[in-house]
Asker: 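Quick one: the structure is below, and I'll ask about it shortly.
Each ligand, and each atom within it, is numbered from 1 in the order the structure gives. Side chains are part of it too, since the values below use all heavy atoms of this structure and drop only hydrogens, waters and symmetry mates. Just so you know, residue 1 is the first one in the sequence shown, and it goes up from there.
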Amino acid sequence: MTEEKFDAIVVGAGPAGSAAAYTMAKAGLSVVLIERGEYPGAKNVMGGVMYGRMLADLIPTFAAEAPIERVIMEERLWITTDDSAVILGHKTAAPHGEVPNAFTVLRAKFDRWFASKAEQAGAFLIPATVVEDLIMRDGKVGGVRTGRPDGDLYADAVVLCDGVHSFLAKKAGLQTREIAPHEVALAVKEIITLPPDLIQERFNVGEGEGVTIELYGAVTQEMGGYGFIYTNRDSLSVGVGALISHFMRTKVTPNELLERLKQHPLVQPLLAGGQVAEYLAHAIPEGGYRAMPRLYGHGVLIAGDAAMMVNGLHREGSNLAMTAGRLAGETVVEAKGRNDFSATSLASYRRRLEESFVLKDLKKYQHLPEFVDRHPELLRIYPGLVNLAIHEMLTVDGMPKRDKQRKIWKAVTARRPLWRLITDAYRAWKVIR
Ligand SMILES: Cc1cc2nc3c(=O)[nH]c(=O)nc-3n(C[C@H](O)[C@H](O)[C@H](O)COP(=O)(O)OP(=O)(O)OC[C@H]3O[C@@H](n4cnc5c(N)ncnc54)[C@H](O)[C@@H]3O)c2cc1C
């Protein structure tokens, strides 16, 4: 019996995998997309904000057909104490440009749609199938072993898009060390249903329009992470996440953190009357540039969460995954033209990533994960100080403003001496400059 061999196998039908499969199938390659979930998205979790530009790079007409929940018109940042928040944000009356900048999705619907686009382009989707191992041939990755009977599949190139904690990255020899607890966050989220009209009224937006709220400070109990509330069509995505190293240190459970967020006096009114429809938990790779595996080898490439491509500071992951998936796909298409799938041939994948925002941004913030892990106290101190200062300034009590400034400065330096304020500012600037 002759074995069936494909040009490429993609493992995982998340944003990275479907982007890679779509790109290669559209270029005429024979592509198999293998997904362990019953259908793409069945098991996938995210807060829910996706970015239009990277999706439009693949499917320019996506806005008319993708299952978008709400287009984001306002992004709010809450710096919380236990009973107050300093609120920053940006609101637009009309989304700029041809494609929406950001929009919310529910992954169970979105991933299914995105994988169907790869199928329409010619990729062969195999759902409900776990890739259990890689098949090595002549010193290169030459296929995958699935959990199905007669489940070996062969290809010139295998693109690993199997998400966080990719054991296949280890099998391929791309990841050679254990991931540390400060390099991964654990996030929990609830989908809380509310009537669309009520969402629009509470968040002050029109039909189809949405709001994001990110909450820092007291809500994470001095852990590196943040809470979020995102509006969907008829539900809210409400969640919180923090570094695993910090959960280990504080012994707070993720569920306790979520309950505390929901009980915050400023959050409660936004959720009132809602019904919890789903509870979800998922890990987020937060190690960044310094924790990335090798990105390619003989016959193999890796993209998305499997390669630690998350920019936690900017709440970006899906866009890095889609872009990396597309670039991995383009690299394999080029390699097919040369009929050379060696590591040397696939090395242009890294160059493409370096030229894109993906590696540029991850490199820029390469010291941030360690900084957040080492200085969780800053996430309590500074939200407290900012709230104290603004609260004092806004309290109209007859005290002259210059006296108020002195009072604020005295209160701030009593909690954090001047030399610490300066070193904190310098350190923070160094990791995000
Ligand atoms: C709570 C939370 C909130 C987030 N919020 C945001 C946000 O608002 N915006 C944003 O841009 N990003 C966000 N992210 C990050 C974002 O979800 C990820 O960066 C993105 O999903 C990565 O895509 P991916 O395709 O690399 O991986 P995934 O989406 O994890 O997809 C991996 C796929 O591989 C499949 N798979 C795994 N192993 C196998 C196997 N052995 N065989 C077959 N299939 C397999 C999985 O079932 C899955 O479908 C959030 C993440 C979490 C957890």
Asker: Based purely on interatomic distance, does Y51 place a nitrogen or oxygen under 3.5 Å from a nitrogen or oxygen of ligand 1?
Answerer: no
Asker: Looking at K117 and E119, is any side-chain nitrogen of the basic one under 4.0 Å from a carboxylate oxygen of the acidic one?
Answerer: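 No.
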Asker: Using non-hydrogen atoms of the residue, decide whether K189 is closer than 4.0 angstrom to ligand 1.
Answerer: no
Asker: Closer than 4.0 angstrom, basic N to acidic O: yes or no for R112 and E38?
Answerer: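 Here R112 does not pair with E38 in a salt bridge, since their nearest N and O are not under 4.0 Å apart.
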Asker: When you measure from the heavy atoms of P15 to every atom of ligand 1, does any distance fall below 4.0 Å?
Answerer: yes
Asker: In the protein, what heavy atom is nearest to atom 9 (N) of ligand 1, and what distance, to one decimal place, separates them?
Answerer: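 Protein heavy atom at minimum distance: V49 O, 2.7 Å.
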Asker: Evaluate whether atom NZ of K91 has more than 12 neighbouring non-hydrogen atoms of other residues, nucleotides or ligands under 6.0 angstrom away.
Answerer: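 Yes.
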Asker: Above 12 or not: heavy atoms from other molecules or residues under 6.0 Å from NE2 of H314?
Answerer: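 Count over threshold, so yes.
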Asker: Under a plain distance cut-off of 3.5 Å, with no hydrogens placed, do D111 and S18 share a side-chain donor-acceptor pair?
Answerer: no
Asker: From atom 33 (C) of ligand 1, work out which of C161, G239, G17 has a heavy atom at the shortest distance.
Answerer: C161
Asker: May I ask you to list the atoms of ligand 1 that are less than 4.0 angstrom from any heavy atom of I34?
Answerer: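 By the 4.0 Å cutoff, the relevant atoms are 43 (C), 44 (N).
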Asker: Report yes if V310 has an N/O atom closer than 3.5 Å to an N/O atom of ligand 1; otherwise report no.
Answerer: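 No, there is no polar N/O contact under 3.5 Å.
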Asker: Would you say F228 and ligand 1 have an N/O pair spaced under 3.5 Å apart?
Answerer: no
Asker: With nothing but distance in play, are any N or O atoms of G304 less than 3.5 Å from an N or O of ligand 1?
Answerer: no
Asker: Which option wins on minimum heavy-atom distance to atom 21 (O) of ligand 1: M46, R107, H165?
Answerer: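 Among M46, R107, H165, the closest heavy atom to atom 21 (O) of ligand 1 belongs to R107.
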Asker: Do ligand 1 and V164 have nitrogen or oxygen atoms that lie under 3.5 Å from each other?
Answerer: no
Asker: Could you say whether the N/O atoms of E316 and ligand 1 ever approach to under 3.5 Å?
Answerer: no
Asker: Under 4.0 Å, heavy atoms only, figure out whether ligand 1 is touched by the backbone of D162, its side chain, both or neither.
Answerer: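 Both parts.
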Asker: Check V11 against ligand 1 and report side chain, backbone, both or neither, counting heavy atoms closer than 4.0 Å.
Answerer: side chain
Asker: How close does the nearest protein non-hydrogen atom get to atom 2 (C) of ligand 1, and which residue and atom is it?
Answerer: G47 N, 3.4 Å
Asker: If you measure only the distance, is there a donor-acceptor pair under 3.5 Å linking the side chains of Y382 and D424?
Answerer: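 Indeed, the side chains of Y382 and D424 share at least one donor-acceptor pair under 3.5 Å.
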Asker: Measuring from atom NE2 of H282 to atom NZ of K43, what distance do you get when rounded to the nearest 0.5 angstrom?
Answerer: 10.0 Å
Asker: For Q200 and E207, test the side chains for any donor-to-acceptor distance below 3.5 angstrom and give the result as yes or no.
Answerer: no
Asker: Among side-chain atoms of Y230 and R315, is any donor-acceptor pair under 3.5 angstrom?
Answerer: yes
Asker: Is the closest N or O pair between K43 and ligand 1 shorter than 3.5 Å?
Answerer: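 Not met; the criterion fails.
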Asker: Identify whether the distance between the nearest side-chain nitrogen and carboxylate oxygen of R177 and E183 falls below 4.0 Å.
Answerer: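 Here R177 pairs with E183 in a salt bridge, since their nearest N and O are under 4.0 Å apart.
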Asker: What is the closest protein heavy atom to atom 48 (C) of ligand 1, and at what distance does it sit?
Answerer: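 In this structure, atom 48 (C) of ligand 1 has N44 OD1, 3.2 Å as its nearest protein heavy atom.
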Asker: Could you tell me, atom by atom, which parts of ligand 1 come under 4.0 Å of a heavy atom of G317?
Answerer: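 It comes down to these atoms of ligand 1: 10 (C), 11 (O), 12 (N), 19 (O).
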Asker: Tell me the protein heavy atom at minimum distance from atom 22 (C) of ligand 1, and give that distance in Å.
Answerer: D305 OD1, 3.2 Å
Asker: Looking at ligand 1, does T129 have a heavy atom less than 4.0 Å from it?
Answerer: yes
Asker: Kindly say whether Y216 contributes a backbone atom to a donor-acceptor pair with the side chain of T80 at under 3.5 angstrom?
Answerer: yes
Asker: More than 12 foreign heavy atoms under 6.0 Å from NE2 of H264: is that the case here?
Answerer: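 More than 12 within 6.0 Å, yes.
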Asker: Is a donor from one side chain sitting under 3.5 angstrom from an acceptor on the other, for S345 and S342?
Answerer: no
Asker: For T129 and R148, does a side-chain donor sit closer than 3.5 Å to a side-chain acceptor?
Answerer: yes
Asker: Who's the nearest protein heavy-atom neighbour of atom 16 (C) of ligand 1, and how far?
Answerer: S318 N, 4.0 Å
Asker: Considering only the protein, which heavy-atom contact is closest to atom 25 (O) of ligand 1, and what is its distance?
Answerer: A16 N, 2.9 Å
Asker: With heavy atoms of I284 as the reference, note each atom of ligand 1 found under 4.0 Å away.
Answerer: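 Selected atoms, number and element: 2 (C), 51 (C), 52 (C), 53 (C).
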Asker: Could you go step by step and tell me if K109 and E69 meet the salt bridge (Lys or Arg N to Asp or Glu O under 4.0 Å) rule?
Answerer: CA-CA 10 Å; K109 290 184 196 164; E69 292 291 313; 3.4 Å; yes
Asker: Looking only at side chains, do D373 and H246 share a donor and an acceptor under 3.5 Å apart?
Answerer: yes
Asker: To check your reading of the model: name the closest protein heavy atom to atom 44 (N) of ligand 1, its residue, and the distance in Å.
Answerer: R36 N, 3.1 Å
Asker: Answer yes or no for R315: is there a heavy-atom contact with ligand 1 below 4.0 Å?
Answerer: yes
Asker: Around atom 1 (C) of ligand 1, find the nearest protein heavy atom and jot down its residue, atom name and distance.
Answerer: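 Of the protein heavy atoms, A187 CB, 3.4 Å lies nearest.
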Asker: Numbering the atoms of ligand 1 from 1, which are under 4.0 Å from a heavy atom of A321?
Answerer: 22 (C), 23 (O), 26 (O)
Asker: For ligand 1, which atoms, with element, lie under 4.0 Å from some heavy atom of V130?
Answerer: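 Within the 4.0 Å cut-off of V130, ligand 1 contributes 41 (N), 42 (N).
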